[in-house]
Structure formats: structure tokens, C-alpha cells
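Below is one structure; the comments refer to it alone.
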Amino acid sequence: MRRLSFEKGLRILIWLFTALAALMPLVLYFITADFTVFVFALAGCLLFCFLAYLLHRLDDWYVTGIIADLPKLMDLLAELEEREVFPENEDTVISKLQSKVIKLVRILKQKNRLAEQEHENIKGLVSDISHQLKTPISNLRMYSQFLEDETLAPEKRQEYVGVLRLSVERLYFLCENMIKVSRLESGLIQLNMEKQCLNETVMKSVKDIYTKAKKKKTEIEYREDGQIVLEHDRNWTAEAVFNLLDNAVKYAHEGSRIILSVRQLGMFAEVSVEDENGAIPEEERAKIFTRFYRGKNSRRKEGIGVGLYLSREIAVRQGGYMNLRTTNLGNVFSVMLYKGR
């Protein structure tokens, strides 16, 4: 509809222009009564009309060429190619459009790479979980059959019950972590932000990890730089710190030390966990907080690679962030929470 209106208006303008060009020599002739002036004026008007027509045809040819090349620009999106269809050094609307399309292609390619990486991570997760589920499920089946033997000695029965308990705890651990990730990503987690003491929140996480650290003969040294009060969710913040402590204890050597610190750094409060487990390789540090990622030295350890990811998400959802730095002996993981002035 717009195209028809444009063409109709263009025809009217052309007829008006032609009429004015024809009348101009006549007007000059009546004013001057000089035939030579009339001829020159007529020749000039005809030349001007010809040039105007030529310009119109060139513009039409140019626009037609652009329209013909537009599908090629759209093909860039379909094929995700970064190539030029129109000259990029021209300051035109079409070159700006091409720049936007190429930028969109780059974004889509990056998202595809992330999706592929996520797909590979999930495949690895399924394989890892399958491997970790295999042992406890096999134990449950096998030792439950052993317990059916009525002639089984009491001490053996007690031993088998212990194996079953450990298998159930391992299954519970795997399921609990998957449920936490699912709740976090589906938005079911509702943070209960209250102004309260961060030191007490941190001590809550220490109580949950103390027994495990004691079994590994690992010392947890607590340091604080005064009482820090800020708005945060106590349960989920304690969960984030617990994940850091659990990760440190899991890889700790017997007799090693873990330093848990609470201090204020400008507008943020820092809860850091420093271990002596050896520095994480530089190539793994950028991936350590991603979901389901497990480092090379973690394959033989229990877990599915969601602890650090959960800690980071909990910190981010409270206006904070996670930080990792290395020392000569190990690593320092920090939960940074916004405190304000």
C-alpha cells in the first residue's frame, strides 16, 4: 500500500516538474520577446529534465540493487557467517544495518557455543551421576539380600547395616544437591533478607562442617574483624559458606589447616575460606564457578560440581559476588556481600 502511494506521488511530482520545465521557456519568451532566449531556455530545461530522469533511474537502480542484496544479509543470520555484503566503510543506513546483523551473528554464535558447552557439561554430569549412583545402589541391593539371611552373625549384620546407611547418605547427598540447583534455577528460592549479624551466620556453617573436619584431622581456624551487621539471608548465606568449607575439607590433607575469616572491605563484607590444598591450575580458575564443572583432581572425590556454583549464585542474588585468589599453599575463596557505607 505504501509502495503504491509512493509511486503515485512520484508520478505527480514528475508531471509537475515537466510542466514547469515546459512553461519556463514560454514565460521567458513572453517577457523578453527574444526567440534565442526561448531556445536556450528550452534546451536548458530539457537538459535539466534529462539529468533529473537519469538521476531518478540511477537512484532506482541503486535501491533495486540494495533490495536484491538484502536476502544475502539475511543469509548471514541463517548461516551465522561474519562476512560483508555491503561496504562497511560507508556511513549509510544499510552499512549500519549490516553492522548490527554481524553483531547479532556474533552473539548467536557465542550463545551456540555456550549451549554446546552446557550440553557437554550435562552429558558429563549424567555420566558422573550414573557412576556415583551405581555403587550405592549396588550396595543397597547386595547388602539388603545379605540381611535376609537369618543365620547371619550379629556383628556381620551390624556391619552390613552400616554399609547400607552410608549408601543411603550418599544417595541423599546427590539428590539434595540436585534439588538445590533445581530450586535455584527455577526461581523457587525466596531470599529472606534481614539486617542481622554476619558472624553468627558464618558460625552456623562451621557447626555443620565441624564433625567432618574433625574426622579428617583438619583444623578450622576462625578469625573476625569485629561484628559485622548487614542485610542478608541467614540460611542461604550459611549454605554458601558451608559449600566453601565443605570443598576445603574434602580436598584437605590430614593435619592441614583451614582459615575462615570475616572482615569488612570498604562497602563489602568478606567471608573467606583459605585452604592448604595446593593452588588451582590457572586454566581451571575461570571455570571453577560454573555449574557441574569438576577439576582434574576432583574425579575421585564425591560430588557433582554444584557447590561453588551454588555459593556464587547465592552471593549474586544478594547483590554480592564470589572471588578466588591463590596463595603459595592453596586457595582463598571469598563470598563478598554488599554492606554499604
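The basis for the numbers below is simple: all heavy atoms, side chains too, and nothing from hydrogens, waters or symmetry mates. Keep in mind that what you see is a predicted model, and the values were worked out from it rather than measured. We count residues from 1, following the sequence as given.
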Counting C-beta onward and ignoring hydrogens, is there a side-chain heavy-atom pair between [X] and [Y] closer than 4.5 Å?
X	Y	result
H232	T201	yes
Y321	M336	yes
V273	F242	no
K339	I228	yes
N323	F333	no
D225	V262	no
L245	S205	yes
M322	L244	yes

Do [X] and [Y] get their side chains close enough for a donor-acceptor pair, meaning under 3.5 Å?
X	Y	result
N112	Q110	no
T237	Q318	yes
E224	Y222	yes

Side chain [X], main chain [Y], donor-acceptor under 3.5 Å:
X	Y	answer
S144	L140	yes
R263	R223	no
D233	N192	yes
N243	L310	no

Please test L324 against V332 for side chain to side chain contact (heavy atoms under 4.5 Å, CB included), starting from the C-alpha separation and ending with a verdict.
-> CA-CA 6 Å; L324 165 63; V332 182; over 6 Å; no

CA sep, side-chain torsions, deciding dist, call: E270, Q264, side chain to side chain contact (heavy atoms under 4.5 Å, CB included) | CA-CA 6 Å; E270 179 193 40; Q264 183 167 331; over 6 Å; no

Exceeds 12 heavy-atom contacts within 6.0 angstrom, atom NZ of K103 =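 Check fails, neighbour count at 12 or below.
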
Please lay out, stage by stage, how I258 and E219 fare under the test side chain to side chain contact (heavy atoms under 4.5 Å, CB included).
-> CA-CA 6 Å; I258 296 171; E219 177 190 355; over 6 Å; no

Results of salt bridge (charged side-chain N to carboxylate O under 4.0 Å, His left out) for R257 - residues two or more places apart only =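 Applying salt bridge (charged side-chain N to carboxylate O under 4.0 Å, His left out) to R257 gives E221, E276.
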
Rounded to the nearest 0.5 Å, how far apart are CH2 of W236 and CD of E313?
->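 Rounded to the nearest 0.5 Å, the CH2-CD separation comes out at 11.5 Å.
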
If the plane angle is over 60° it's perpendicular, under 30° parallel, otherwise tilted; pick one for Y338 and F268.
->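 Ring orientation, 0 to 90° scale: perpendicular.
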
